[in-house]
Protein chains: 2
Amino acid sequence: MQQQFNEVQIPDLLLPLLPASPGSSSDDYEGPFKFKILIDQHRTRNSWIYSPILNKVFIRVADPFPIDFKWNPQVNNLYVRATPLFSQPQHAQELVTRCIPHTRATYETNRDVPQYIWDHVIRCQSVNAEYYGNKEEKRHLNVLVPLGVPRTGMNTVRLLYSFMCQNACHTGMNQKPFEVVFTLEDEGGTVYGRKKLSVKVCSCPKRGKEKEENDFFKKMSFHGAALPNKRRKTKKVGKKSFTVISALDTRQYTAKIRTSSKQNLIFLLKRAYNIMAGDLLRYGPNEELEDCLYDLEKQLGKL
Amino acid sequence: MQQQFNEVQIPDLLLPLLPASPGSSSDDYEGPFKFKILIDQHRTRNSWIYSPILNKVFIRVADPFPIDFKWNPQVNNLYVRATPLFSQPQHAQELVTRCIPHTRATYETNRDVPQYIWDHVIRCQSVNAEYYGNKEEKRHLNVLVPLGVPRTGMNTVRLLYSFMCQNACHTGMNQKPFEVVFTLEDEGGTVYGRKKLSVKVCSCPKRGKEKEENDFFKKMSFHGAALPNKRRKTKKVGKKSFTVISALDTRQYTAKIRTSSKQNLIFLLKRAYNIMAGDLLRYGPNEELEDCLYDLEKQLGKL
DNA sequence: GTACAAGTAG
DNA sequence: CTACTTGTAC
Ligand SMILES: [Zn+2]
Ligand SMILES: [Zn+2]
């Protein structure tokens, strides 16, 4: 049930509305090259899961994760740097490094890998990847990759990243959430664009996503347990009709849309959800909006 | 409820009936010096818990654990060696060593401790403790301590041990259960006696003990879920009377004992439990005995 | 002492 | 995917 909700696929056109990290979207900027990162969540058979609402990827350790980079105009001497940083302000200055056991020569993922890479949580599969930062000098570890140019017929360049420690690694990240900051740079290190992506590396990506999305909704609807009483009833007439209450301008509009199939109903509910989720994130906390989202969540949960 | 049952204090006279490790008591032998290890479970304020039925100590990492050693006749040039070994046969030959993070210089429990001790899961607080074994040569790590002579008026020597890794330490014991083999030796390494004690080092000793004792009872009473139907009813007349069914000779004897206080009732129930637990362990699986034990467990659980 | 989090086995 | 284990926070 809740699961179904989590399968929501946000249309690409809505993606730009979602901040890199909820509440701190101001850190993102596309800059003169309209720098974008795209996550191909429609691909099935992914071993990872992306939560658009959290702008967060849930992935297993060492699994390859593709990111498509987009920039315009197409100059060919740009680089993208991926730097992991702890998300919580109180830990933001701590270095994100691999844990002690994962940093050992005997660990299988370090075999045939140069030692200076062992400490890096983020690896990029590109042969041109260069690893920067220094644990002793307290400079954040990161990996820099030349973007080159998109293959003919494409307007993006895809890179494969992998995360070499779990968030739970005791002597490493030790449960602290982190995000990857992608910066578009030139050879001189000048930054032209920045995009953030939160990541959770764990054994059960699906479980983690569901948990964190639920927490997010609970936090958003800060009236918590009081909500169920306030919830508007969904009328069930004929096939199925449903109520959408918009709060963009404080007034509420009710949409009654008789849908022709369950699939269409779900599609519409999700669509409505995504639109209002975008609004919520752009305009900040708003009780009416949260009510609508909560309502939709419950409706989707029951389907 | 179950808790109360676990508070059972087995009288000292019953202790010898309990094997060092259920099902493998033959590995224990007292030898010419009648070598014994005694665990002072009556002492309150212990940070650790001992399960007589499992012959197992549940303890937090690095907590001091006292063991009283007893031998006769009283010669004064004997030593006791403590060697941790994995309990499961398929792991028995693997070395029990500390995990990678706990083996680092930066770990606080290694401060001011010679490096050759860092690998040892078992430490002894005695200044005369000597650490043997070798990880590279695959010789089991152990700690050897001269026993000296009991203080005047005592017939035992107390040593304090501590366990420097948790069973759960990923890169160390990694959840595998282990036991400590105590051997009574002379200067030449000749072994005169051997006693085993299972140990679980964890964050919640009480929880661990309850869990493992329950598992043990479930395994013992292999008829499992069928038992509740077969359970004899406890008659409640006057104060409280209870039924004890002995199975030593296959026939069942019912004891109806009217007790004068709840405390006395509990004492009697526990006593009965311990007697039959000893029988069970000496004579092996026996349905009637297990029924009686199960009955008593339930009765104690309700008090 | 309870509830949660997250790796793990089946 | 479910259930269990076990460290951890409150
Ligand atoms: Zn790690
Ligand atoms: Zn350890």
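The analysis underlying the following values was restricted to heavy atoms, covering all of them including side chains, and did not include hydrogens, waters or symmetry mates. The structure presented is a predicted model; accordingly, all values stated were derived computationally and were not measured. By convention in this document, chain letters (A, B, ...) are assigned in the order of the sequence lines, proteins followed by strands, and residues within each chain are numbered from 1.
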Value in whole Å for how far the [atom2] atom of [N] lies from [atom1] of [X]:
{"X": "B/His170", "N": "C/dA9", "atom1": "NE2", "atom2": "P", "result": "10 Å"}
{"X": "A/Gln166", "N": "C/dA6", "atom1": "CD", "atom2": "P", "result": "10 Å"}
{"X": "B/Glu213", "N": "D/dT5", "atom1": "CD", "atom2": "C1'", "result": "18 Å"}
{"X": "B/Asn167", "N": "C/dT8", "atom1": "CG", "atom2": "C1'", "result": "16 Å"}
{"X": "A/Asn174", "N": "C/dA6", "atom1": "CG", "atom2": "P", "result": "11 Å"}
{"X": "A/Lys200", "N": "C/dA6", "atom1": "NZ", "atom2": "C1'", "result": "7 Å"}
{"X": "A/Glu210", "N": "C/dC4", "atom1": "CD", "atom2": "C1'", "result": "17 Å"}
{"X": "A/Lys206", "N": "D/dC1", "atom1": "NZ", "atom2": "P", "result": "4 Å"}

Less than 3.5 Å apart, any donor N or O on the side chain of [X] or [Y] sitting next to an acceptor on the other?
{"X": "B/Tyr50", "Y": "B/Asp40", "value": "no"}
{"X": "B/His120", "Y": "B/Tyr131", "value": "no"}
{"X": "A/Thr109", "Y": "A/Arg98", "value": "yes"}

When you measure from the side chain of A/Ser203, which nucleotide among C/dT8, C/dC4, C/dA6 comes out closest?
C/dT8
Among the nucleotides D/dT5, C/dA5, C/dG7, whichever has the atom closest to the side chain of A/Lys211 is C/dA5
Earlier contact from the 5' end, DNA chain D, for B/Glu212 and A/Cys204
A/Cys204
When B/Cys169 and A/Arg207 are each assigned the nearest nucleotide of DNA chain D, the 5'-most assignment goes to A/Arg207
Between the side chain of A/Asn110 and the main-chain N/O of A/Gln115, is any donor-acceptor distance below 3.5 Å?
no
When you check the phosphate oxygens OP1 and OP2 of C/dA5, does a side-chain N or O of A/Gln175 lie under 4.0 Å from one of them?
no
Regarding D/dG7, can its base be found pairing with the side chain of B/Arg60 as donor and acceptor, where the two atoms are less than 3.5 Å apart?
no
Ring centroid separation for A/Phe182 and A/Tyr161, is it under 6.0 angstrom?
yes
